[in-house]
Amino acid sequence: MSGKFKYIGGDIAVDFVNTVGGWAFRSANEGQIGYRDVVVSDKFENFADLLDWGRGAGVISESDTIRLLSLSKRFPVAAEQVLDRAIRLRRAICRILFATDRTRASFTSDLEVLNTELNQARDSQRLVPAGTAYEFTWPAEDKLDRVLWSVAVAAAALLTTGNLGRIRQCGGQDCGWIFLDTSRNRSRAWCTMKDCGNIAKVRRFRERHDKKSEPRTEKGS
């Protein structure tokens, strides 16, 4: 792994949404919708980045990564199309998680993006023995969109069985990363204390210091 990605969301689909440098609000003329869904900078610069993320997230193995990277060089147009799908899926998941009006047209289109990817993932799944029970898995075949299968299934599971009330967006400036707040009193405010949390702490300290340094004005002057 390149170290380009961080996995702090508590869920595969959430970590997938966090493959950006930050999420920003829409500009006022487009209509602010109450949460950030505009990419500040994209960490998916090429198909290799998508594979790198998938390997770090544990959805593909090291050997899978090597084979798929080789395959992408043989079929660069197909690999670019999968990358485009990944970016559309990421934005759709982000918007679905924070949708307040589930009747609006944009929400419906986002759900269609997820359902399309979910259908492809389900079509590729196979039921196999697993000890004394069975489990769903994907055959070890070289498909360029294999990373998206796990993401789509994870997103569907989060939406249907997860605690959506625990989903938060980091309050850090130019961040907006998503995470599942599993703290007991649901007080987590930052993606990580080491990053945005520490920046906010330093900013508050400087603001208090600046206030104390302001010259006092004598009453009546």
Side-chain angles (χ1 to χ4, degrees), residues 1-21 23 39 41-97 110-162 167 177-180 191-192:
M1 287 181 292
S2 65
K4 189 174 188 177
F5 302 102
K6 294 182 181 179
Y7 305 86
I8 55 85
D11 182 272
I12 289 174
V14 174
D15 282 329
F16 187 72
V17 171
N18 292 340
T19 55
V20 297
W23 291 98
V39 174
S41 60
D42 204 322
K43 294 191 175 185
F44 284 162
E45 298 180 78
N46 49 55
F47 183 76
D49 287 333
L50 177 62
L51 296 180
D52 189 26
W53 177 85
R55 179 176 49 170
V59 300
I60 57 173
S61 66
E62 177 76 23
S63 58
D64 291 331
T65 303
I66 294 172
R67 292 197 314 272
L68 292 174
L69 185 59
S70 176
L71 188 64
S72 71
K73 293 177 180 178
R74 290 169 51 199
F75 303 99
V77 174
E80 189 66 26
Q81 290 172 342
V82 170
L83 182 61
D84 289 341
R85 283 168 52 192
I87 292 171
R88 286 197 301 271
L89 177 60
R90 181 184 61 195
R91 185 167 182 264
I93 295 172
C94 179
R95 287 159 60 93
I96 290 169
L97 289 176
D110 292 332
L111 207 56
E112 287 176 353
V113 170
L114 176 54
N115 273 320
T116 297
E117 296 297 343
L118 183 61
N119 287 339
Q120 294 198 41
R122 294 299 192 197
D123 285 344
S124 302
Q125 275 188 323
R126 297 294 180 269
L127 191 65
V128 298
T132 59
Y134 295 84
E135 67 181 8
F136 279 110
T137 187
W138 286 283
E141 55 183 326
D142 293 340
K143 298 289 186 180
L144 290 172
D145 58 352
R146 279 190 63 184
V147 171
L148 303 188
W149 298 349
S150 295
V151 172
V153 169
L158 179 61
L159 292 170
T160 56
T161 63
I167 295 175
W177 272 15
I178 297 176
F179 56 86
L180 295 180
C191 54
T192 67

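Numbers for residues simply follow the sequence, beginning at 1.
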Can you give the donor-acceptor pairs under 3.5 Å from side chains of residues 72-84 to other protein atoms, not counting sequence neighbours?
residue : atom : partner : partner atom : Å
Ser72   : OG   : Leu69   : O            : 2.6

Query raised in the report: Which pair of heavy atoms, one from Gly10 and one from Leu180, lies closest together, and at what distance?
Result: O-CD1, 3.8 Å
Query - Sidechain-backbone polar pair: Arg67 side chain, Asp142 backbone, donor-acceptor under 3.5 Å - result: no
Exercise answer: donor-acceptor pairs, residues 125-136 side-chain atoms, under 3.5 Å, sequence neighbours excluded:
residue : atom : partner : partner atom : Å
Gln125  : OE1  : Arg122  : NH1          : 3.0
Arg126  : NH1  : Asp123  : O            : 3.0

Query raised in the report: Distance-only, no hydrogens or angles: does the Ser150 side chain make a donor-acceptor pair with backbone N or O of Val147 under 3.5 Å?
Result: no
Query - Asp64 and Arg146 ion-paired at < 4.0 Å - result: yes
Requested in this report: Taking the side chain as every heavy atom from C-beta outward, state whether Val20 and Trp177 have any atom pair closer than 4.5 Å.
Outcome: yes
Query raised in the report: Would you find more than 12 non-hydrogen atoms of other residues, nucleotides or ligands less than 6.0 Å from Lys43 atom NZ?
Result: yes
Query raised in the report: Can you check whether Asn18 reaches Phe179 side chain to side chain, under 4.5 Å on heavy atoms?
Result: no
Query - CD1-OG1 distance between Ile60 and Thr65, expressed to the nearest 0.5 angstrom - result: 3.5 Å
Report task. Work out which heavy atom in Val14 is nearest to a heavy atom in Gly9; give both atom names and the distance. Result -> CG1-CA, 3.7 Å
Query raised in the report: Using the ring of each side chain (for Trp, its six-membered ring), is Phe44 parallel, tilted or perpendicular to Phe16, with breaks at 30° and 60°?
Result: tilted
Report summary line: Rounded to the nearest 0.5 angstrom, the NZ-CG distance for Lys4 and Asp49 is 3.5 Å
Query - Test item: Lys6 and Thr192 side chains (from C-beta on) under 4.5 Å apart, heavy atoms - result: no
Query raised in the report: Taking only residues two or more places apart in sequence or in another chain, which ones pass salt bridge (charged side-chain N to carboxylate O under 4.0 Å, His left out) with Asp11?
Result: none
Report task. Decide yes or no for Gln120 and Leu148: does some side-chain heavy atom of the first lie under 4.5 Å from some side-chain heavy atom of the second? Result -> no
